[in-house]
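Structure, as structure tokens:
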There are 2 protein chains.
Amino acid sequence: MNLKEKDDANRSSAAHRIEQELLDEISVGALAPGQRLDETGLAERFGASRTPVREALKRLTAQGVLVQGEKRGVFVAEYSREQLSQIFEAMHEIEAACARIVSQRLNLLSRSEIEAAQSECIVAAEAGDRTAYLKANEAFHLAIYNATGNPYIAEIASEFRRRTGPFRAKKFASAEDLLTSARNHEELISDIFSEDSAAASRSMRDHMTASFIETLKAN
Amino acid sequence: MNLKEKDDANRSSAAHRIEQELLDEISVGALAPGQRLDETGLAERFGASRTPVREALKRLTAQGVLVQGEKRGVFVAEYSREQLSQIFEAMHEIEAACARIVSQRLNLLSRSEIEAAQSECIVAAEAGDRTAYLKANEAFHLAIYNATGNPYIAEIASEFRRRTGPFRAKKFASAEDLLTSARNHEELISDIFSEDSAAASRSMRDHMTASFIETLKAN
DNA sequence: TTTGAGTAGATTGTATACAAACCATAATGT
DNA sequence: ACATTATGGTTTGTATACAATCTACTCAAA
């Protein structure tokens with residue numbers, strides 16, 4: 001059980017449920033950037049009153065996944081190309097630091113967790129199953145974050161993945177895209193497992209640069 | 001007007017006001033780590049109903065500044081020494097990245113903003129005014145974050161400062177501590193302004209290491 | 001045709017009431 | 001004396017009503 005699931009297990013209120021479902025939908029792009037969310041509509045949809053909807057929306061705006069309009073309205077966060085590049089730059093720094101730290105701290109458990117996550121990526125990519133791949137890809141990166149042994153670094157990195165999820169999801173248009181991504185993971189893992197922290201950091205930066213370029217193309 | 005102030009200017013609800021006041025009190029240590037917050041007590045204190053109090057608390061738990069008890073209760077986040085060191089490690093990485101980026105991107109405006117902020121630190125330190133120094137110190141670091149030109153990096157760094165504020169505040173016990181800190185800034189600025197990004201990064205890491213050690217001693 | 005004022009409906013923020021869950025203490029049983 | 005159960009008070013989560021604010025549309029005047 002990772003940090004996020006532990007938190008979830010203790011909270012089963014309507015507000016929490018709504019927050020999670022919205023977060024999931026945003027991450028996979030089912031709620032599009034810029035889309036307006038409507039309290040009363042959401043209340044009807046989730047079979048609850050406005051109160052837990054508002055509480056969920058408050059938490060999501062505090063997390064930056066939603067943004068509050070100047071006068072009214074709550075919207076799925078959207079970003080210009082410039083903003084997206086700034087987010088990726090920030091993400092770049094975090095991910096490179098993660099890779100460097102992991103390469104210095106690998107142990108049997110973390111190594112096998114990363115390998116297991118990558119196996120799932122390969123299975124999904126070879127099956128051409130986009131939905132499964134999106135999920136496996138997130139799990140792969142999460143395994144790397146967890147391998148830092150630092151929950152705060154993992155949380156920051158995860159937060160950036162949440163924010164960029166909808167944009168990144170669009171680059172996996174074809175079965176070939178899935179296979180390419182899974183192959184890129186192999187090279188990344190090789191560098192991280194080399195215990196050469198500079199190589200690990202550089203490899204992750206390359207991976208993120210490629211990810212960014214594909215994301216720009218797809219958005 | 002930086003990112004945070006812009007956001008504030010558009011929101012004057014009771015919930016928002018309560019969130020800000022609690023955040024301020026937590027940052028300066030007026031609300032102690034581990035302290036329990038009580039919805040009805042806060043409602044009375046702020047002259048509002050429980051609803052905006054709950055909304056403020058929801059946002060603060062989403063930001064990690066408060067933590068929700070397993071069954072009930074909301075508490076000011078507290079950290080063991082190990083957790084504090086993990087947070088500082090994460091902060092270390094962000095701050096070092098900031099210093100490196102700033103040294104590569106300095107312009108007249110950002111340079112003069114950093115210098116102005118440091119002047120305020122010196123004034124406060126020489127006056128032995130702890131409260132003013134705490135404020136000026138935060139403004140100094142914020143000027144560095146803003147100089148990255150990347151609001152997302154600045155926001156992450158600011159978030160760590162918010163979380164560690166109560167613990168860091170305790171290291172400024174004497175007037176001499178203020179002067180030492182202000183002198184450390186001078187060295188840091190010199191390296192950042194050298195346009196040598198590796199030196200800037202290393203200098204910031206040294207600064208953060210010293211900060212961490214003093215924080216551990218004081219807590 | 002354009003502009004400004006007014007209005008109705010929609011949205012937001014909040015207060016309050018109610019029910020469920022939790023917890024501490026007292027009473028009862030072994 | 002110790003363990004279990006019951007009870008009352010507190011806390012949490014939510015629904016609903018109300019008031020304030022915002023927005024879009026209509027109509028009249030220039």
Side-chain angles (χ1 to χ4, degrees), chain A residues 4 6-26 31-78, chain B residues 4 6-26 31-78:
Chain A
K4 184 62 178 169
K6 181 179 179 186
D7 189 55
D8 286 351
N10 294 331
R11 304 165 56 152
S12 54
S13 64
H16 169 69
R17 209 183 69 237
I18 293 165
E19 178 189 349
Q20 279 308 118
E21 291 201 29
L22 290 178
L23 206 41
D24 286 346
E25 289 183 29
I26 292 163
L31 281 175
Q35 187 167 337
R36 166 120 183 219
L37 299 188
D38 157 46
E39 285 179 14
T40 53
L42 289 177
E44 283 169 23
R45 174 178 154 199
F46 289 105
S49 74
R50 278 174 56 226
T51 309
V53 169
R54 286 179 63 82
E55 291 188 5
L57 296 183
K58 289 290 186 183
R59 284 182 57 86
L60 291 171
T61 55
Q63 291 166 61
V65 173
L66 299 181
V67 294
Q68 196 159 357
E70 292 204 352
K71 295 282 170 65
R72 52 172 49 193
V74 171
F75 302 84
V76 180
E78 67 182 332
Chain B
K4 184 62 178 171
K6 182 181 180 185
D7 189 52
D8 287 350
N10 292 333
R11 306 167 53 155
S12 53
S13 64
H16 171 69
R17 209 182 70 237
I18 293 165
E19 180 189 346
Q20 280 308 121
E21 292 201 27
L22 291 178
L23 207 39
D24 287 345
E25 290 183 26
I26 292 164
L31 281 176
Q35 187 167 337
R36 171 139 175 195
L37 300 189
D38 157 46
E39 284 180 15
T40 53
L42 289 177
E44 281 169 24
R45 176 181 152 195
F46 288 105
S49 74
R50 276 175 56 229
T51 310
V53 169
R54 286 180 61 82
E55 290 188 5
L57 296 182
K58 290 290 187 183
R59 284 183 56 89
L60 292 171
T61 55
Q63 290 166 62
V65 175
L66 299 181
V67 295
Q68 194 158 358
E70 291 204 354
K71 296 281 170 64
R72 53 173 47 192
V74 171
F75 303 84
V76 179
E78 66 182 334

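Order of the sequence lines sets the chain letters (A, B, ...), proteins ahead of strands, with each chain counted from 1. Since the model is a prediction, treat every value here as computed from it, not as a measurement.
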Practice item. Taking side-chain hydrogen bond (donor to acceptor under 3.5 Å, both in side chains) as the test, write out the residues that go with T40(A), two or more places apart. Key: D38(A)
Check your understanding: Whole-Å distance between dT12(C) P and L42(A) CG?
Key -> 10 Å
**Study point:** Contact boundaries on DNA chain D for chain B, cut-off under 4.0 Å to non-hydrogen atoms
**Key:** dT10(D) to dT14(D)
**Study point:** Nucleotide dG13(C), atom C1' - distance to CG of L57(A) in whole Å
**Key:** 13 Å
Practice item. Going 5' to 3' through nucleotides 20-25 of chain C, assign each nucleotide B (protein heavy atom under 4.0 Å from a base atom), S (under 4.0 Å only from sugar-phosphate atoms) or - (no protein heavy atom that close). Key: -BBS--
**Study point:** Shortest non-hydrogen contact from A32(B) toward V76(B)
**Key:** O-CB, 3.3 Å
Check your understanding: What integer distance in Å separates K58(B):NZ from dG13(C):C1'?
Key -> 17 Å
**Study point:** Heavy-atom closest pair, residues A77(A) and G64(A)
**Key:** CB-O, 3.8 Å
Exercise for review: Figure out the CD/P separation between E44(A) and dT11(C), and round it to whole Å.
Suggested key: 11 Å
Exercise for review: Provide the closest heavy-atom pair for T61(B) versus Q68(B) in the form atom of the first, atom of the second, distance.
Suggested key: CG2-N, 4.3 Å
Revision key, fill the gap. Tightest non-hydrogen contact, residues P33(A) and E78(A), listed as CB-CB, 3.6 Å
Check your understanding: Sequence neighbours excluded, which residues qualify as side-chain contact (heavy atoms from CB on, under 4.5 Å) partners of F46(A)?
Key -> R17(A), I18(A), E21(A), L22(A), L42(A)
Check your understanding: What residues form a side-chain contact (heavy atoms from CB on, under 4.5 Å) with E25(A), not counting sequence neighbours?
Key -> A30(A), L31(A), R45(A)
Review point. Rounded to the nearest 0.5 Å, how far does CZ of R59(A) lie from CZ of R59(B)?
Key: 10.5 Å
**Study point:** Atom of A56(A), atom of A15(A) and distance for their closest heavy-atom approach
**Key:** CB-O, 3.4 Å
Review point. Taking DNA chain C as the partner, which of residues 47-56 of chain A come within under 4.0 angstrom of it by heavy atom?
Key: R50(A), R54(A)
Point to revise | Interatomic distance, R72(B) atom CZ to E39(B) atom CD [nearest 0.5 angstrom] | key: 10.5 Å
